[in-house]
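These notes concern the structure reproduced below.
Each chain gets a letter, A, B and so on, in the order its sequence line appears, and its residues count up from 1.
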There are 2 protein chains.
Amino acid sequence: MKKITIGEAARQSGVKVPTVRYYESIGLLAAPSRSEGNQRSFEPADISRLAFIRHARELGFEIEAIRTLLTLQDDPHQSCASADAIAKARLVEVEQRIRSLMALKAELETMVEGCGHGRVDQCRVIEVLADHGQCTHSRH
Amino acid sequence: MKKITIGEAARQSGVKVPTVRYYESIGLLAAPSRSEGNQRSFEPADISRLAFIRHARELGFEIEAIRTLLTLQDDPHQSCASADAIAKARLVEVEQRIRSLMALKAELETMVEGCGHGRVDQCRVIEVLADHGQCTHSRH
DNA sequence: CTACATCCTCTAGCGACTAGAGGTGCAAGA
DNA sequence: TCTTGCACCTCTAGTCGCTAGAGGATGTAG
């Protein structure tokens, strides 16, 4: 069996080397066996687990949510209701965030368009920031 | 002249009390004068400044960007090109973030819809997370 | 005078890493 | 065999923008 170094594991999974160590330190990844010289030696399963974590992080799941998803993955006979709930909750969060960012975008556009590119005392950017009452939407 | 306590300043500006002290500590707000008993005494101008900061934070501007915007506001004869650039940069960020969240939303919807609500070994949520290749978009 | 709210400073913690110091392991070329 | 040089090791501290808590002082109303 070939030894997979942390660098190789990082390359294959797309997770950075210090981050791999960090995941191990918080117990998201089991501590791998070590070489004679105390260097980590990973299994192919560890690479999959790291890729899983990375993908979930890219989708914005929090570490604790990922921890739950991983324990579910480890026991395939469980009901997937929790996984479903976690994904749904994340979806709601994302939708909410999109709505709020759209409002923000509109606000910023008004600011930028209104700016006459002159001096600060005529600048709409500064003006709008100073006076929330000028906002199109009262709630950001 | 009436003294404005930190609690009053917080209430009027919508910034929390510890956050007001934090802004002072990082030099975003000038240290106000103190009462005989060493309590902060704010001026109306401080309230405006706090409201400005709060509004900018709501719009997602970083502290350092706000610091620049505030120095611009302090000197109204300067060109507002910097303010303009900061707002534009923020707009680009927001647009990028929206695009990325939309892709994410699509991904999560596929995951959630595909889940048969059965056991983990048939769960599409877990499956998709484990295998990035199943994603509709290769880049999140 | 006595409650009690509000204020003060200081330190530590959050999440999810990232950076750096200071040292060791290992493989390949001269 | 030696040496170069990269990859690895552990540990601590820093990032951002606050937030929480300890432990004590001040201010105000009854």
Side-chain angles (χ1 to χ4, degrees), chain A residues 2-29 31-42 46-47 49-70 86 89-90 93 97 140, chain B residues 2-29 31-42 46-47 49-70 86 89-90 93 97 140:
Chain A
K2 52 195 176 284
K3 58 191 163 179
I4 303 173
T5 65
I6 196 169
E8 195 49 37
R11 232 164 288 125
Q12 284 182 36
S13 65
V15 175
K16 286 182 200 158
V17 169
T19 308
V20 173
R21 285 197 277 253
Y22 170 70
Y23 287 159
E24 183 191 324
S25 82
I26 61 168
L28 214 54
L29 191 70
S33 58
R34 298 289 182 123
S35 75
E36 282 186 33
N38 196 35
Q39 303 204 347
R40 287 172 181 80
S41 183
F42 293 90
D46 295 322
I47 313 288
R49 199 174 174 94
L50 281 169
F52 184 105
I53 296 170
R54 183 198 162 203
H55 194 188
R57 286 293 302 139
E58 280 173 355
L59 292 170
F61 289 96
E62 291 174 4
I63 294 286
E64 287 316 303
I66 296 173
R67 203 187 289 279
T68 306
L69 290 169
L70 283 167
I86 289 171
R90 178 73 193 129
E93 268 173 42
R97 191 91 187 99
H140 301 295
Chain B
K2 54 195 176 285
K3 58 191 161 181
I4 304 174
T5 66
I6 195 170
E8 195 50 37
R11 231 164 288 125
Q12 285 182 36
S13 65
V15 176
K16 289 184 198 153
V17 169
T19 308
V20 173
R21 284 196 279 252
Y22 169 70
Y23 288 159
E24 183 191 325
S25 80
I26 61 168
L28 213 54
L29 190 71
S33 58
R34 299 288 183 126
S35 76
E36 281 187 33
N38 197 35
Q39 303 206 345
R40 287 170 182 83
S41 185
F42 293 90
D46 296 320
I47 313 286
R49 198 171 175 96
L50 281 169
F52 184 104
I53 297 169
R54 183 197 162 204
H55 194 189
R57 286 295 300 139
E58 280 173 356
L59 292 171
F61 289 95
E62 289 174 5
I63 294 287
E64 286 317 301
I66 296 174
R67 201 186 291 277
T68 306
L69 290 169
L70 282 167
I86 290 170
R90 177 74 193 128
E93 267 172 44
R97 191 91 187 100
H140 300 295

Is Thr19(A) close enough to dT18(C) that one of its side-chain N or O atoms is under 4.0 Å from OP1 or OP2 there? yes
Would you say dT9(C) has OP1 or OP2 under 4.0 Å from some side-chain N or O of Arg21(B)? no
In whole angstrom, what separates [X]'s [atom1] from [N]'s [atom2]?
| X | N | atom1 | atom2 | answer |
| --- | --- | --- | --- | --- |
| Glu24(B) | dT9(C) | CD | P | 7 Å |
| Ile4(B) | dT6(C) | CD1 | P | 17 Å |
| Leu28(A) | dA16(C) | CG | P | 10 Å |
| Arg34(B) | dC8(C) | CZ | C1' | 8 Å |
| Tyr22(B) | dA12(C) | OH | C1' | 15 Å |
| Lys3(B) | dC7(C) | NZ | P | 12 Å |

Please find the earliest and latest nucleotides of DNA chain D, in the 5' to 3' direction, that have an atom within less than 4.0 Å of any heavy atom of chain B. dG17(D) to dT28(D)
Quick check: on DNA chain D, is the nucleotide nearest Ile63(B) upstream (toward 5') of the one nearest Glu8(A), or the reverse? Name the residue that is more 5'. Glu8(A)
How do Phe61(B) and Asn38(B) order along DNA chain D: which one's closest nucleotide is nearer the 5' end? Phe61(B)
I'd like to check [X] versus [Y] (side-chain heavy atoms, cut-off strictly below 4.5 Å). Are they in contact?
| X | Y | value |
| --- | --- | --- |
| Arg57(B) | Ile63(B) | yes |
| Ile53(B) | Leu70(B) | yes |
| Arg34(B) | Gln39(B) | no |

Keeping the roles fixed (side chain from Arg49(A), backbone from Leu28(A)), state whether a donor-acceptor pair exists under 3.5 Å. yes
Has the side chain of Arg90(A) got a donor or acceptor atom that lies under 3.5 Å from a matching backbone atom of Ala65(A)? no
Answer yes or no: is there an ion pair linking Glu24(A) with Arg21(A), defined by an N-O contact shorter than 4.0 Å? no
If I take atom CZ from residue Arg67(B) and atom CD1 from residue Ile26(B), how far apart are they, to the nearest 0.5 angstrom? 5.5 Å
Any base atoms under 4.0 Å from Arg57(B), or only sugar-phosphate, or nothing? Heavy atoms, all strands. sugar-phosphate
Using a heavy-atom cut-off of under 4.0 Å over every strand shown, decide if Glu36(A) touches base, sugar-phosphate, or nothing. nothing
Out of dC17(C), dA16(C), dG25(C), minimum distance to the side chain of Gln39(A) belongs to dG25(C)
